[in-house]
Number of protein chains: 2
Amino acid sequence: MKNHQITIKDIARELNISKSTVSRALTGHPSVKSETRKAILELAEQLDYQRNMMSISLITNKSYTIGIVVPEFITSFFPQVVVGAQEEAAKAGYNVLVSQSNDDYATEVANTKVMLANRVDGIMVSISKETRNFDHLKIFQRKGIPIVFFNRVCDEMAVPKVVIDDYDAAYHAVEHLVLSGRKRIAHLAGPEVLAISRKRLNGYIDALKKHQIPVSDDLVIPYDLNLSKVKIYIKHLMGLENPPDALFAVNDPTAIESMRVIKELGLRIPEDIAIVGFGNNYGSDFIEPGLTTVNQPVKEIGKTAMTLLLGLIDKDTAQWRAVTKTLDTELIIRGSTIKQELPQSKR
Amino acid sequence: MKNHQITIKDIARELNISKSTVSRALTGHPSVKSETRKAILELAEQLDYQRNMMSISLITNKSYTIGIVVPEFITSFFPQVVVGAQEEAAKAGYNVLVSQSNDDYATEVANTKVMLANRVDGIMVSISKETRNFDHLKIFQRKGIPIVFFNRVCDEMAVPKVVIDDYDAAYHAVEHLVLSGRKRIAHLAGPEVLAISRKRLNGYIDALKKHQIPVSDDLVIPYDLNLSKVKIYIKHLMGLENPPDALFAVNDPTAIESMRVIKELGLRIPEDIAIVGFGNNYGSDFIEPGLTTVNQPVKEIGKTAMTLLLGLIDKDTAQWRAVTKTLDTELIIRGSTIKQELPQSKR
DNA sequence: CTGTTAGCGCCTTCAG
DNA sequence: CTGAAGGCGCTAACAG
């Protein structure tokens with residue numbers, strides 16, 4: 001049996017009145033005799049009537065749906081952003097269509113097509129690490145569908161963005177390493193195509209320069225964020241004749257995987273090498289030692305991006321302004337950089 | 001400017017042909033002169049034409065959207081399930097509307113209403129820990145919209161379910177503690193309203209009975225999964241005059257939080273107390289010591305539930321069978337129960 | 001092979 | 001206050 005939904009027609013027939021009257025009562029139009037209105041509302045309630053959004057979408061040319069395009073759903077970051085965004089959307093009566101691409105470009109493109117077919121009223125996107133061509137996103141601009149980037153943004157599109165100050169956060173993270181006495185600080189960086197990687201790299205470089213520490217190419221390794229490769233890089237770094245005494249990892253998963261490898265090598269953290277991550281992901285507080293990392297206001301990112309996006313809907317495109325909101329970060333210092341006296345298991 | 005989508009009408013006008021011909025060409029109907037077809041497809045491509053799903057939904061009374069209702073998005077479990085489900089849905093041309101309720105009953109109800117208004121063709125649900133009344137879900141049954149439960153299921157509804165054998169997994173987890181020599185095994189249990197909690201509790205009880213270990217009420221603490229309370233319970237347990245030598249936690253977050261508290265108390269894991277969790281969540285492998293826990297095939301749960309659900313759509317309700325698929329689990333033994341020689345940082 | 005018509009569920013004129 | 005008619009974008013049935 002096809003699913004059998006109650007329609008206005010059903011209610012009208014049952015009550016033997018016209019469809020338009022039912023529609024009026026249901027939409028709260030005042031010009032309905034209170035008696036009739038009451039009967040209609042009661043019957044609607046009783047039959048679990050739900051107005052079919054499809055039809056109203058057809059009329060208004062709005063879907064009341066926002067698309068969210070994210071690269072992955074493994075770490076806690078994107079799910080949390082989605083939660084924040086969803087809360088904000090719900091307040092405004094919007095639904096959210098989420099798609100994740102497994103960091104795969106082709107999937108991202110396919111997903112955005114789906115968003116188009118579903119007539120999303122706007123999209124919030126964080127691009128995959130493979131994305132270099134933005135045609136699939138520019139379509140939205142051309143069609144007048146607002147788009148807001150967050151986290152991994154697209155530099156070449158003049159649309160609103162929600163980011164954190166990656167440069168600044170990286171700068172302070174690395175400075176923290178310098179101030180705690182480290183001289184040879186390695187950086188496991190992200191892919192160069194991501195602006196986010198480049199900014200963190202620049203923060204790293206400038207912090208070193210500021211403190212008259214030479215930037216050594218040997219110590220900077222950009223990689224594709226495929227964690228299985230971390231082991232190779234760490235072994236290489238620690239095998240140098242002058243190995244690093246600190247590591248700034250482009251994100252927490254990288255930092256955590258690095259810690260695992262370093263422990264395997266029998267080295268001590270932070271005595272032999274200090275580690276700083278980025279993201280304050282789930283788990284960075286209970287790994288041992290705790291991971292010093294940059295905290296970002298995850299849910300806030302989602303909320304901010306959604307608020308920005310909703311503000312663009314129904315506005316004339318001419319009024320759109322490509323603001324970039326930069327949210328504050330905070331360096332959380334834990335045991336991976338500073339030896340801490342923990343009241344925990346005796347060794 | 002409202003977003004201006006290209007329609008069949010636009011293409012027809014441009015090419016000066018009828019709308020039906022355009023529609024036929026676009027839907028791959030053979031009866032279109034290849035010349036005309038070519039012109040249509042080219043123009044459509046050029047204009048980024050995307051058929052409006054709203055209208056076809058209106059006709060077919062299908063939305064090609066599946067709702068997924070989950071209680072939370074903090075741990076990696078549900079996001080991963082969603083990924084699995086989404087992959088399966090995409091293969092069949094379906095979208096996914098995800099809603100999370102923050103484990104709040106009222107939000108869950110509101111979310112399901114949204115699903116109804118959006119005419120989802122089916123829903124996959126895992127209930128919140130507060131949910132005791134299932135009227136909001138029974139509506140779907142009544143309307144002939146298929147529903148599949150996963151993980152946290154509703155016993156009183158005869159619909160397909162995808163679960164793991166919680167009883168069996170708990171039994172083996174606890175038996176592992178017994179076989180490793182523990183005699184006083186505590187259990188931080190989940191809320192009794194969740195079937196999942198009861199099954200794990202029963203597995204715990206039966207494993208103890210099987211091995212002639214008395215089940216002590218003092219050692220079983222059901223709680224509402226609010227992690228901030230774990231500290232109180234652990235302190236209470238460890239303060240008993242005859243404290244437990246092992247703890248079976250209802251899930252990994254509980255286990256991990258317990259480990260934190262236990263370390264704070266200056267106790268050693270596993271020497272003073274062994275810990276077993278449930279779920280093999282993200283982080284359970286890199287906490288120290290590694291957490292012995294029950295691994296569940298997360299993505300597989302999502303895929304299986306979605307496959308089951310898609311199989312129900314368009315079928316006569318009479319053909320629906322309330323199968324329950326039970327997926328295999330595996331106990332992963334790590335350092336929290338067995339002292340392991342780790343080739344890592346010297347102590 | 002192509003055009004015309006009707007209708008999906010709803011809302012919004014326009015007439016009573 | 002209420003009813004009838006038209007149309008949103010698309011497809012399907014019915015003519016050519």
**Q** Please check the phosphate of D/dG9 (OP1 and OP2 only) for any side-chain N or O of B/Tyr49 closer than 4.0 Å.
**A** no

**Q** Closest-nucleotide mapping onto DNA chain C: is A/Ile6 or B/Ile17 further toward the 5' terminus? I mean the 5' end.
**A** B/Ile17

**Q** Remember a base hit wins even if backbone is also touched, and classify B/Ser23 as base, sugar-phosphate or nothing at under 4.0 Å, heavy atoms.
**A** base

**Q** Looking only at side chains, do B/Thr7 and B/Asp10 share a donor and an acceptor under 3.5 Å apart?
**A** yes

**Q** With rounding to the nearest 0.5 angstrom, report the CE to CD1 distance, B/Met306 to B/Ile68.
**A** 4.5 Å

**Q** Quick one: A/Lys19 NZ to D/dG7 P, roughly how many Å, whole number?
**A** 15 Å

**Q** B/Ile59 near the nucleic acid: base, sugar-phosphate alone, or nothing, with a heavy-atom cut-off under 4.0 Å?
**A** base

**Q** Whole Å only: how far is the CG atom of A/Asn61 from the C1' atom of C/dC10?
**A** 15 Å

**Q** Any side-chain donor-acceptor pair under 3.5 Å between A/Thr21 and A/Ser18?
**A** yes

**Q** Is the distance between the ring centroids of A/Phe73 and B/Phe73 less than 6.0 Å?
**A** yes

**Q** Heavy atoms within less than 4.0 Å of DNA chain D: which residues of residues 24-42 of chain B have one? Give them sorted by number.
**A** B/Arg24, B/Thr27

**Q** Any side-chain heavy atom of B/Lys19 sitting closer than 4.5 Å to one from B/Val22?
**A** no

**Q** Once you apply a heavy-atom cut-off of 4.0 Å, does A/Lys9 come out as touching a base, just sugar-phosphate, or nothing?
**A** sugar-phosphate

**Q** Rounding to an integer number of Å, can you tell me how far A/Asn52 CG sits from C/dC11 C1'?
**A** 13 Å

**Q** Could you please name the option among C/dG3, D/dC10, C/dC11 that lies closest to any side-chain atom of B/Ser18?
**A** C/dG3

**Q** Can you check the A/Ile8 CD1 to D/dA4 P distance for me, whole Å?
**A** 15 Å

**Q** Specify the separation, in whole Å, of atom CG of A/Leu58 and atom C1' of D/dT11.
**A** 13 Å

**Q** Looking at A/Arg51, does any N or O in its side chain come under 4.0 Å of the phosphate oxygens OP1/OP2 on C/dC11?
**A** yes

**Q** Before giving the answer on side-chain hydrogen bond (donor to acceptor under 3.5 Å, both in side chains), spell out for A/Thr131 and A/Ser128 the whole-Å C-alpha distance, their side-chain angles and the decisive distance to 0.1 Å.
**A** CA-CA 5 Å; A/Thr131 307; A/Ser128 91; 2.8 Å; yes

**Q** CD1 of B/Ile11 versus P of C/dT2: gap in Å, rounded?
**A** 15 Å

**Q** So, B/Ser99 and A/Gln86: side-chain donor and acceptor under 3.5 Å apart, yes or no?
**A** no

**Q** Which nucleotide sits closest to the side chain of B/Thr21: D/dT11, C/dG9, C/dG3?
**A** C/dG3

**Q** Give the rounded distance in Å between these two atoms: CG of A/Asn118 and P of D/dC10.
**A** 13 Å

**Q** Let me know the distance between CD of B/Gln50 and C1' of D/dC10, rounded to the nearest Å.
**A** 15 Å

**Q** Name the nucleic acid region contacted by B/Ser20, choosing base, sugar-phosphate or nothing; use a 4.0 angstrom heavy-atom cut-off, strictly under.
**A** base

